[in-house]
Amino acid sequence: MRILAIDTALAACSVAFADTESETLCSHSDVIGKGHAEHLPGLVDKVLAEAGATFGTIDRIAVTVGPGSFTGLRVGIAAARGYGLAVGCPVVGISTLDALLEEGRSLASDRPILAALDARRGQVYVRSSLPSDPYAEPAAVLLQDLAAGLDGYALIGSAAQLLLDLDAIRQDNVLSHSEYPDIQAVLRLGLEADTAQSPTPLYLRPPDAKPQTRARIARA
């Protein structure tokens, strides 16, 4: 399997390529904040060149679908779909929270993991590794509500510092303060993902930006 993985959901622009037969692996992550649309094509070309691969050799593409930046998600998903259409290969979507959980599994020593990303406005995007957990499904929750029920979790993600500041967790329960998913975790999940459904953005709340209403002409 030859797979290309793309992440533009958060502050980083990340690309990885792997060939499981030859055990080739190449990846790069650039923390850029904004400008993913301009940065991504060159990074894809760079990774493929370093791996000695071409678009025509790709069997599958994985892309992060959120939660994350609305603009970043659209950039990554549109690019992945375009590449997939050009190559004629399936494209699969991977949640940023799932990628964080995958990253945390090697660090958690069998403890239940909670992926938690700072969603701003007093909210946190969360998902637990436990199927029967209240946070088993991706959700946007209030920071204060989350802080009240964190016993037993190993935490990974950018919300860790917020919860430390509230004394809701101890430092030894923080696996990582990751502000974006490990692109190699995205790649690993992409190898196992179901190719039956096309990736769509995972929005857990409405966008921060709202359409302007001033100067709008009323309809007759």
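We're numbering straight along the sequence, starting at 1.
Between Ile77 atom CD1 and Ile6 atom CD1 the span is 10.5 Å, to the nearest 0.5 Å. Distance check, rounded to the nearest 0.5 Å: CZ of Arg2 to CD of Glu21 gives 7.5 Å.
The closest side-chain heavy-atom distance from Leu146 to Val126 is below 4.5 Å. Side-chain contact check for Leu191 versus Thr20: some heavy-atom pair is nearer than 4.5 Å. Counting heavy atoms from C-beta on, the side chains of Val141 and Gln123 never come closer than 4.5 Å.
At least one donor-acceptor pair under 3.5 Å links the side chain of Thr96 to the backbone N or O of Pro67. Side chain of Thr8 to backbone of Gly72: a donor-acceptor contact under 3.5 angstrom is found. No donor-acceptor pair closer than 3.5 Å links the side chain of Arg127 to the backbone N or O of Ala139. Using modelled atom types, one side-chain atom of Ser129 and one backbone atom of Ile113 make a donor-acceptor pair closer than 3.5 Å. Checking side-chain atoms of Ser128 against main-chain N and O of Leu130 turns up a donor-acceptor pair under 3.5 Å. A donor-acceptor distance shorter than 3.5 angstrom exists from the side chain of His36 to the backbone of Leu10, with no hydrogens or angles considered. A distance-only check finds no donor-acceptor pair linking the side chain of Ser14 to the backbone of Ser29 [under 3.5 Å]. Arg81 places no side-chain N or O within donor-acceptor distance of the main-chain N or O of Ala78, the cut-off being under 3.5 Å.
Tyr153 and Tyr135 have tilted rings, their planes meeting at an angle from 30° to 60° on a 0 to 90° scale.
Hydrophobic clustering, with ILVMFWY side chains joined whenever heavy atoms are under 4.5 angstrom apart, groups Leu97 together with Leu175. By the criterion of side-chain heavy atoms lying less than 4.5 angstrom apart, applied directly or through intervening Ile, Leu, Val, Met, Phe, Trp or Tyr residues, Ile32 is not grouped with Val44; the two fall into different hydrophobic clusters. Criterion: ILVMFWY side-chain heavy atoms under 4.5 Å apart, direct or through other members. Under it, Met1 and Leu187 are part of a common hydrophobic cluster. A continuous path of Ile, Leu, Val, Met, Phe, Trp and Tyr side chains, each step under 4.5 Å between heavy atoms, connects Leu166 with Leu155, placing both in one hydrophobic cluster. Two different hydrophobic clusters hold Ile94 and Leu101 under the rule that ILVMFWY side chains link at heavy-atom gaps under 4.5 Å.
Around atom CG of Asp165, more than 12 heavy atoms belonging to other residues, nucleotides or ligands sit under 6.0 Å away. Within a 6.0 Å sphere centred on CD of Gln197, other residues, nucleotides and ligands contribute 12 heavy atoms or fewer. Asp110 CG: 12 or fewer foreign heavy atoms inside a 6.0 Å radius.
Minimum heavy-atom separation, Pro181 to Leu100: CA-CD2, 4.2 Å. Taking every heavy atom of both residues into account, Cys26 and Val47 meet most closely at O-CG1, 3.5 Å. Nearest approach of Gly93 to Val65, heavy atoms of both residues: CA-CG1, 3.6 Å. Nearest heavy-atom pair across Ala160 and Ile169 is O-CD1, 3.9 Å.
Side-chain atoms of Asp7 and Thr64 include a donor-acceptor pair closer than 3.5 Å. In this structure, a donor-acceptor pair under 3.5 Å is absent between the side chains of Ser69 and Thr71.
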